[in-house]
Each structure stands twice: as structure tokens, then as C-alpha cells.
**Student:** 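The structure follows.
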Amino acid sequence: MTEESLQSRFKAFRKQRMKAVSNRQTSSTSSEPIRTPEEAEDLRAQFLHHAHKYCGVPYSRKHHKDFHESFPGLYLDCCGLIRRVFWKDIDAGFNLGPWNQKYYFEALNDYIIPLEQAKPGDLIFYKGVRTGKTDQTIVHVEILLENEQSLGSRYSGVDVREHFLFDSSSWSLVEYYICSIDSWFSGILKQFPRSHKYFIPLFSEKSIFFDETEYEDAESDCETE
């Protein structure tokens with residue numbers, strides 16, 4: 001077999017594979033749930049279970065010298081905690097992007113609900129003004145628990161908090177939003193167009209299926225508390 005025919009066969013295989021993955025991603029991030037309500041609630045329970053196991057993991061190398069004995073070398077900031085559970089511990093049926101709490105909020109801002117309707121596992125987003133700044137932005141995110149407690153990573157590390165409202169040393173709270181993540185547990189993730197900074201490419205740069213036109217700076221930019 002000639003080199004030219006091998007290249008042609010590979011190009012055909014690559015094209016077919018990319019189309020198949022694209023179709024699978026589209027189906028798993030469509031507006032239609034891929035789980036029953038019971039299955040979604042089970043995934044919610046898994047999410048909470050796994051998030052709790054990271055209690056004690058430090059926030060960042062800057063604020064902590066010691067590691068958690070079960071997770072040596074691991075640091076988790078506020079958005080890193082949520083991303084870790086979705087990437088490593090549960091199968092939501094979609095690829096959660098690598099960005100920070102602003103991305104999570106933009107992906108969920110169609111599901112803002114009052115506190116009275118919220119369930120453990122829903123996300124609390126904090127809009128604030130950073131010290132020395134004037135613009136308002138989403139500065140922090142935590143996981144809501146029962147009795148208005150929360151689970152989140154602050155400068156002290158990942159822990160359960162007695163109340164989700166608190167005073168930060170680096171920003172002033174303007175308002176908070178609680179977003180239901182029933183859609184995520186049902187397998188639905190809001191997708192952004194190719195031109196949007198939160199567009200999620202199908203393949204990593206190391207993949208033979210990588211297409212550089214799929215990328216729009218999909219890098220992590222988690223911010224501090």
C-alpha cells in the first residue's frame with residue numbers, strides 16, 4: 001500500500017471519527033434530558049458525596065504549605081472544586097468547560113431560582129466588587145447545602161460553612177444568585193457558538209483529531225475568593 005493511499009484512508013477515518021464524536025456531543029448537550037428524574041437525583045447525591053470528600057483540601061499554594069493527606073499536591077479554589085467533581089468523580093454526560101465561576105453562571109443563568117426553591121447541590125453565585133475595583137462581576141461560587149449552609153473553597157480551603165453568606169477580605173458582596181443545576185444532572189449543558197469565548201472544542205491539542213479552528217482560548221482562569 002502506498003503512502004498516499006494510507007494518508008487518504010487516515011483522512012477518511014479522521015473525518016468519520018470527528019463526525020461521530022460531534023454527533024454524540026450534540027446529542028448529550030441538547031435540550032432534551034438524557035436521564036429520568038430519579039437518575040438525575042441520584043447524580044445529585046453523587047455530586048454532593050464526592051464534593052464533601054474534598055473537605056480539607058487547601059485553596060492554593062500561596063495560602064497553604066501542607067497538602068491534604070488523601071490528595072497530595074492538590075489545590076482547589078472555588079470553581080476548581082466543582083470542576084474536579086464533574087471531571088473526575090461523576091459522569092454528567094457532557095464536557096464541563098475549563099473556565100471559572102463566570103462561565104458556570106453564564107451556563108446556568110437561565111435557571112436562577114429563589115432560595116426557598118433551592119435544593120442541596122444547587123450553586124450559589126456571588127456578585128461583588130473587588131477591593132480597589134469599581135466593576136461588578138461574579139467573584140465566587142459555592143455549593144448550597146441544607147439549612148442555608150454551603151460547601152465551598154475559600155482562602156481557608158474546602159469546608160462546610162455554617163451559612164453561605166460571609167464577609168470576604170478581597171471583595172464586597174453586591175448580590176447573590178442561586179441557580180438550579182437540575183439541567184446538568186439531567187445531562188443538559190448550555191452550549192455557546194464557535195465565536196464565543198466559552199465555546200467547548202471537541203478534542204484536545206494532543207489528539208490526532210485536533211482541529212485548531214475549534215479553539216477559542218479554552219484555558220482555566222479561576223479567580224480568587
**Student:** Tell me every residue that passes side-chain hydrogen bond (donor to acceptor under 3.5 Å, both in side chains) with His50, counting only those two or more places apart in sequence or in another chain.
**Tutor:**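 Partners of His50 by the side-chain hydrogen bond (donor to acceptor under 3.5 Å, both in side chains) criterion, ordered by chain and then number, come out as Lys53.
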
**Student:** Would you compute the distance between atom CZ of Phe86 and atom CG of Asp91 and round it to the nearest 0.5 angstrom?
**Tutor:**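 Reported to 0.5 Å precision, the distance equals 10.5 Å.
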
**Student:** If the condition is ring pair (Phe, Tyr, Trp, His ring centres under 6.0 Å), which residues does Tyr176 pass it with, not counting sequence neighbours?
**Tutor:**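 Result, ring pair (Phe, Tyr, Trp, His ring centres under 6.0 Å) vs Tyr176: Phe164.
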
**Student:** Just to verify, what does Glu175 make a side chain to side chain contact (heavy atoms under 4.5 Å, CB included) with, not counting sequence neighbours?
**Tutor:**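 Glu175: side chain to side chain contact (heavy atoms under 4.5 Å, CB included) contacts with Lys127, Tyr177.
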
**Student:** At their closest point, which heavy atom of Gln149 faces which heavy atom of Leu144, and how far apart are they?
**Tutor:**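 Closest pair (atom of Gln149, atom of Leu144, distance): O-CD1, 3.6 Å.
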
**Student:** Taking only residues two or more places apart in sequence or in another chain, which ones pass side chain to side chain contact (heavy atoms under 4.5 Å, CB included) with Asp159?
**Tutor:**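 Only Cys55, Arg161 meet the side chain to side chain contact (heavy atoms under 4.5 Å, CB included) criterion with Asp159.
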
**Student:** Quick one: does any side-chain atom of Thr131 pair with a main-chain N or O of Ser170 as donor and acceptor, under 3.5 Å?
**Tutor:**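 Answer holds: yes.
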
**Student:** Among all residues two or more places apart in sequence or in another chain, which pass the ring pair (Phe, Tyr, Trp, His ring centres under 6.0 Å) test with Tyr54?
**Tutor:**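 Phe71.
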
**Student:** Identify the heavy atoms of Gln101 and Ile138 that sit nearest to each other, and give their distance.
**Tutor:**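 Closest approach of Gln101 to Ile138: NE2-O, 3.4 Å.
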
**Student:** Does a side-chain heavy-atom distance below 4.5 Å link Leu96 with Trp87?
**Tutor:**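 Sidechains of Trp87 and Leu96: in contact.
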
**Student:** Could you list the residues that satisfy ring pair (Phe, Tyr, Trp, His ring centres under 6.0 Å) with Phe185, not counting sequence neighbours?
**Tutor:**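 In terms of ring pair (Phe, Tyr, Trp, His ring centres under 6.0 Å), with neighbours along the sequence ignored, Phe185 is linked to Phe47.
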
**Student:** Among all residues two or more places apart in sequence or in another chain, which pass the side chain to side chain contact (heavy atoms under 4.5 Å, CB included) test with Thr134?
**Tutor:**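 By the side chain to side chain contact (heavy atoms under 4.5 Å, CB included) rule, Thr134 matches no residue at all.
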
**Student:** Shared ILVMFWY cluster between Leu74 and Val85, side chains joined below 4.5 angstrom?
**Tutor:**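 Yes, Leu74 and Val85 fall within the same hydrophobic cluster.
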
**Student:** Working to the nearest 0.5 angstrom, can you tell me the gap between Leu81 CG and Leu151 CG?
**Tutor:**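 It is 5.5 Å, given to the nearest 0.5 Å.
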
**Student:** What's the spacing between Gln136 CD and Leu173 CG if we round to 0.5 Å?
**Tutor:**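 That separation rounds to 10.0 Å.
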
**Student:** Does Phe125 share a hydrophobic cluster with Val129, counting links as ILVMFWY side-chain heavy atoms below 4.5 Å and allowing steps through other members?
**Tutor:**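 Not linked; separate clusters.
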
**Student:** Using salt bridge (charged side-chain N to carboxylate O under 4.0 Å, His left out) as the criterion, list what pairs up with Asp182, not counting sequence neighbours.
**Tutor:**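 Residues passing salt bridge (charged side-chain N to carboxylate O under 4.0 Å, His left out) with Asp182: Arg44, Lys119.
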
**Student:** Tell me, please, which residues at least two apart from Glu106 pass side-chain hydrogen bond (donor to acceptor under 3.5 Å, both in side chains).
**Tutor:**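 Here the qualifying residues are His196.
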
**Student:** Output all residues satisfying side chain to side chain contact (heavy atoms under 4.5 Å, CB included) with Ile113, sequence neighbours left out; order by chain, then residue number.
**Tutor:**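 Partners of Ile113 under the side chain to side chain contact (heavy atoms under 4.5 Å, CB included) test: Gln117, Ala118, Asp122, Ile178, Ser180.
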
**Student:** Go through the structure and list residues passing side-chain hydrogen bond (donor to acceptor under 3.5 Å, both in side chains) with Ser183, not counting sequence neighbours.
**Tutor:**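 Ser183: no side-chain hydrogen bond (donor to acceptor under 3.5 Å, both in side chains) contacts found.
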
**Student:** Leu145 and Leu48: side-chain contact (heavy atoms from CB on, under 4.5 Å), yes or no, with the steps?
**Tutor:** CA-CA 9 Å; Leu145 302 179; Leu48 285 165; 3.8 Å; yes

**Student:** Using the rule given for side-chain contact (heavy atoms from CB on, under 4.5 Å), can you reason through Tyr103 versus Arg83, listing the C-alpha separation, both sets of side-chain angles and the distance that settles it, and then say yes or no?
**Tutor:** CA-CA 11 Å; Tyr103 160 65; Arg83 184 168 57 244; over 6 Å; no

**Student:** What heavy-atom pair brings Ile143 and Ala51 nearest, and what distance separates the two atoms?
**Tutor:**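 Closest heavy-atom pair between Ile143 and Ala51: CD1-CB, 3.8 Å.
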
**Student:** How many angstroms lie between atom CG of Asn147 and atom NE2 of His163, to the nearest 0.5 angstrom?
**Tutor:**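 Here the rounded value is 10.0 Å.
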
**Student:** For residues Lys102 and Tyr198, determine if any side-chain heavy atom of one lies less than 4.5 Å from a side-chain heavy atom of the other.
**Tutor:**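 Answer yes - side chains close enough.
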
**Student:** Taking all non-hydrogen atoms of both residues, which atom of Tyr59 and which atom of Cys78 are closest, and how far apart?
**Tutor:**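 Smallest interatomic distance, heavy atoms only, reads CE1-N, 4.1 Å.
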
**Student:** Has the side chain of His49 got a donor or acceptor atom that lies under 3.5 Å from a matching backbone atom of Ala45?
**Tutor:**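 No; judged by distance alone, with no hydrogens or angles, the pair does not exist.
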
**Student:** Please report the closest heavy-atom contact between Glu146 and Pro120, naming both atoms and the distance.
**Tutor:**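 Distance-wise, the nearest heavy atoms are CG-CG, 3.5 Å.
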
**Student:** Less than 4.5 Å apart, any side-chain heavy atom of Tyr155 and any of Ser169?
**Tutor:**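 Tyr155 reaches Ser169 side chain to side chain.
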
**Student:** Just so I know, are the side chains of Leu43 and Gln46 near enough to count as touching, which here means a heavy-atom distance under 4.5 Å?
**Tutor:**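 When only atoms from C-beta onward are counted, Gln46 and Leu43 do touch, with a gap below 4.5 Å.
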
**Student:** Is there a path from Val141 to Val160 through hydrophobic residues (I, L, V, M, F, W, Y) whose side chains come within less than 4.5 Å of each other?
**Tutor:**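 Yes: a chain of side-chain contacts under 4.5 Å links Val141 to Val160.
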
**Student:** Same cluster or not: Trp184 versus Ile112, using hydrophobic residues (I, L, V, M, F, W, Y) connected whenever any side-chain heavy atoms lie under 4.5 Å apart?
**Tutor:**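 Yes, same cluster.
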
**Student:** Check step by step if side-chain contact (heavy atoms from CB on, under 4.5 Å) holds for Ser168 and His140.
**Tutor:** CA-CA 10 Å; Ser168 171; His140 189 62; over 6 Å; no

**Student:** Answer yes or no: is there a side-chain heavy-atom contact under 4.5 Å between Tyr126 and Glu142?
**Tutor:**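 The answer is yes; the side chains approach within 4.5 Å.
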
